Amino acid sequence: KKRISELMLLLNTTCALPNKQWQRFQQLIARRDSDELTSIEQQELTQLIQLEEQLRLKRIKVLGELAQLRQMSLMDLMMELDIQPLDYGE
């Protein structure tokens, strides 16, 4: 049962924006940085930022649960699994 729990948690550690949304997110960030963002695009970017934050929090929560299950620190778990923090170009 512990193995199944670990597997389910591992599957959830890949929480990230789908590729198409990630590309749009990057485009909107570039437009914002060059002061070309329309108000509609700003709303879209805000929604994508909120979604990305929710996914990031879910990923951290799942990694924390897996670390507890394995009785190790979060950092040790991430090193063991070779999990790098998500790079959002910030």
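Note that the numbering runs from 1 along the sequence shown for the chain. Please read these numbers as outputs of a predicted model, since none were measured by experiment.
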So, for Leu17 and Leu51, which heavy atoms are closest and what is the spacing to 0.1 Å?
CD2-CD2, 3.5 Å

With rounding to the nearest 0.5 angstrom, report the CD1 to CD distance, Ile49 to Glu44.
11.0 Å

Quick one: does any side-chain atom of Arg32 pair with a main-chain N or O of Leu37 as donor and acceptor, under 3.5 Å?
no

Tell me whether Val62 is reachable from Leu81 by hopping between hydrophobic residues (I, L, V, M, F, W, Y) whose side-chain heavy atoms are closer than 4.5 Å.
yes

Please determine whether residues Leu69 and Leu74 belong to a single hydrophobic cluster, defined as Ile, Leu, Val, Met, Phe, Trp and Tyr linked transitively by side-chain heavy-atom distances below 4.5 Å.
yes

Can you tell me how far the CG atom of Leu66 sits from the CE atom of Met78, to the nearest 0.5 Å?
11.5 Å

Closest approach of Glu80 and Met72, non-hydrogen atoms and distance?
OE1-CE, 3.2 Å

Atom pair CG/CD of Leu63 and Glu65 - distance to nearest 0.5 Å:
9.5 Å

Would you give the length of the straight line joining atom CD1 of Ile40 to atom CG of Leu45, rounded to the nearest 0.5 angstrom?
14.0 Å

Verify side chain to side chain contact (heavy atoms under 4.5 Å, CB included) between Trp22 and Leu48, making sure each step is shown before the conclusion.
CA-CA 9 Å; Trp22 173 245; Leu48 287 172; over 6 Å; no

Less than 4.5 Å apart, side chain to side chain, heavy atoms only: is that true for Glu41 and Arg24?
yes

Which distance, rounded to the nearest 0.5 Å, do you find between the CD of Glu53 and the CZ of Arg56?
7.5 Å

Can you tell me if Thr46 and Gln50 form a side-chain donor-acceptor pair at under 3.5 Å?
no

Heavy-atom closest pair, residues Ala67 and Leu77:
N-CD2, 3.6 Å

